[in-house]
Amino acid sequence: MSVWVEFELCNGCKRCLKSCPYDAIAIRAEKAEILERCTGCGACIEACRQEAIKTDVKARRIPDFSDYQGVWVLAETFDGELNSVTLELLGAAQRLADDLNQEVGVVLLGHEVANYVEKLGQYGAKNIYLAEHEILQRFQSETYSEVIADLVTTYKPDIFLIGATSCGRELAPRLARRLKAGLTADCTALEIDLDEKILLQTRPAFGGNIMATIASRYSRPQMATVRPGVMTAVAGVVADVKIINHPVKVPEKPATTLLEAVNEAKRKIRLGEAKIIVAGGRGTGGEPGFALLDKLAEKISAEVAGTRIAVEEGWVPVERQVGQTGQTVRPELYIACGISGAVQHRAGMSDSRYIIAINKDPGAPIFDVADWGIVGDMHQVIPEMLAQIDGEGIDGDHA
Ligand SMILES: Cc1cc2nc3c(=O)[nH]c(=O)nc-3n(C[C@H](O)[C@H](O)[C@H](O)COP(=O)(O)OP(=O)(O)OC[C@H]3O[C@@H](n4cnc5c(N)ncnc54)[C@H](O)[C@@H]3O)c2cc1C
């Protein structure tokens with residue numbers, strides 16, 4: 001065992017007992033005894049005034065990371081356009097890089113993707129690490145992680161930010177494992193500790209009941225995935241963007257072979273970019289309720305979304321779930337219909353510019369974040385809204 005008690009020094013004061021987060025100490029015959037479930041965290045060693053608890057685990061030394069420089073963002077493209085999360089991450093990267101006095105870098109991978117360079121420069125990218133090859137035409141986490149790992153080990157960024165999109169969520173853990181780096185998934189806030197010059201990564205934990213702030217002290221780069229819609233894109237035009245062309249080493253035997261690519265049915269718009277969202281929950285009562293939401297959405301040029309319950313019931317597809325385990329959205333207007341406003345739902349929509357809530361329970365928590373609340377049955381309120389919109393000739397541009 002790496003932690004033990006020198007019995008002749010122990011006075012049985014029980015301070016260690018109280019300090020142990022794992023309940024791994026017992027007092028027997030007025031002496032502390034370390035139990036098998038001890039994790040060696042060292043809390044008891046600090047708590048013991050008698051210096052009776054010893055360990056053979058050496059204090060972990062923080063390596064010298066001074067050659068790791070730069071705040072990097074992984075550029076993601078979709079349908080021939082830069083994914084908006086890339087620009088949002090660049091907004092965050094500019095702020096973090098300023099605090100560290102470092103430069104913003106972007107990893108741009110793909111086949112014939114150099115046309116994105118100008119826009120990346122307009123949003124603050126100073127160094128663009130460009131890896132072009134036809135094998136990178138389609139996202140494939142195995143090949144992408146191999147190429148990106150090569151870039152990281154060559155150029156050594158201090159921080160690496162990746163969008164928590166479906167591709168990012170698949171890629172980031174694989175990459176972190178390959179680089180033996182720490183990774184904080186689904187961050188909602190990023191700050192620099194100005195004393196230690198390390199990245200503080202905040203994310204919801206325990207079902208959204210607490211916010212945990214995590215730091216990767218012992219490895220580089222400090223890696224985080226960030227949900228779309230959380231950070232703000234900031235135009236930060238860089239006049240002299242530097243392009244670093246990186247040769248792609250083609251993996252000899254990829255473990256996965258692409259047999260066929262099936263394009264996802266083209267959606268009108270991605271939820272994260274919608275200006276108006278009409279969202280429904282259990283209170284819609286299912287398909288007839290969502291048919292009303294569809295009508296309202298059509299009238300005011302909105303997108304339809306739902307709570308997790310609505311997704312589980314099959315009323316809306318999973319990519320339209322808003323909340324902690326769904327999407328984070330920040331539209332100009334969010335109309336919540338038959339939604340209670342659980343903390344996990346609010347985590348994804350409370351930053352909307354204006355929120356209208358329709359709920360028949362006046363005590364529903366959704367009213368705490370709503371700018372306007374309508375207490376009533378949505379099956380009566382929405383037809384009334386539709387009639388008024390028809391009567392006044394309101395369309396999406398004037399809603
Ligand atoms: C780890 C974890 C992650 C989660 N992630 C998410 C997430 O990403 N997104 C998410 O949404 N949830 C998430 N949840 C679930 C969340 O806790 C709630 O259970 C869920 O948001 C509730 O959905 P709801 O508002 O549709 O249903 P309910 O809470 O049942 O609320 C229905 C509301 O409709 C009202 N109502 C009923 N009939 C009418 C009517 N005719 N007219 C008007 N109002 C009416 C009721 O008064 C009630 O307030 C998560 C939970 C956990 C534990």
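Atoms within a ligand are numbered from 1 in the order they appear, just like the ligands themselves.
Against a heavy-atom cut-off of under 4.0 Å, T325 is close to the following atoms of ligand 1: 3 (C), 4 (C), 5 (N), 6 (C), 7 (C), 8 (O). Atoms of ligand 1 found under 4.0 Å from any heavy atom of G376 (numbered from 1 in listed order, with element): 42 (N), 43 (C). Those atoms of ligand 1 with a heavy atom of I339 less than 4.0 angstrom away are 25 (O), 33 (C), 34 (O). Atom numbering of ligand 1 starts at 1 in the shown order; those under 4.0 Å from a heavy atom of G326 are 8 (O). Heavy-atom proximity to G281, at under 4.0 Å, picks out these atoms of ligand 1: 26 (O). Interface atoms of ligand 1 facing H379, defined by a heavy-atom separation under 4.0 Å, are 41 (N). Of all atoms in ligand 1, listed by their number and element, those nearer than 4.0 Å to a heavy atom of G323 are 7 (C), 8 (O), 9 (N). Every atom of ligand 1 with a heavy atom of A342 under 4.0 Å away is listed here by number and element: 16 (C), 17 (O), 18 (C), 21 (O).
The closest heavy-atom contact to atom 46 (C) of ligand 1, among the options V375, T307, N359, V311, comes from N359. The option from Q327, Q321, R308, Q344 that lies nearest to atom 17 (O) of ligand 1, judged by heavy atoms, is Q344.
For the residue pair S84 / E273, a side-chain donor-acceptor distance below 3.5 Å is found, with atom types taken as modelled. Between T143 and Q140, the side chains place a donor N or O and an acceptor N or O closer than 3.5 Å (distance only, hydrogens not considered). Between the side chains of S352 and R330, no donor-acceptor pair is found at a separation under 3.5 Å. Defined by atom type and a distance below 3.5 Å, a donor-acceptor pair is missing between the side-chain atoms of T86 and E76.
Here's the thing with I309: none of its N/O atoms is less than 3.5 angstrom from an N/O atom of ligand 1. At under 3.5 Å, a nitrogen or oxygen of G338, whether backbone or side chain, sits near a nitrogen or oxygen of ligand 1. In terms of polar-atom proximity, defined here as any N/O pair under 3.5 Å, A364 makes no such contact with ligand 1.
Between K275 and E303, none of the side-chain N atoms (NZ, or NE/NH1/NH2) sits under 4.0 Å from a carboxylate O, so this pair counts as no salt bridge.
For the atom pair CD1 (I148) and CD1 (I162), the distance works out to 6.0 Å, reported to the nearest 0.5 Å. The structure places OH of Y155 at 5.5 Å from NE2 of H246, a figure rounded to the nearest 0.5 Å. With rounding to the nearest 0.5 Å, the separation of NZ in K156 from CH2 in W72 is 10.5 Å. How far CZ of F290 is from SG of C337: 8.5 Å, rounded to the nearest 0.5 Å.
The shortest separation from a heavy atom of V322 to ligand 1 is under 4.0 Å, placing the residue in contact. A heavy-atom separation below 4.0 Å is not found between G280 and ligand 1.
Contacts between S340 and ligand 1 below 4.0 angstrom, taking non-hydrogen atoms only, involve backbone and side chain alike.
Between F139 and Y144, the ring center distance clears the sub-6.0 Å criterion.
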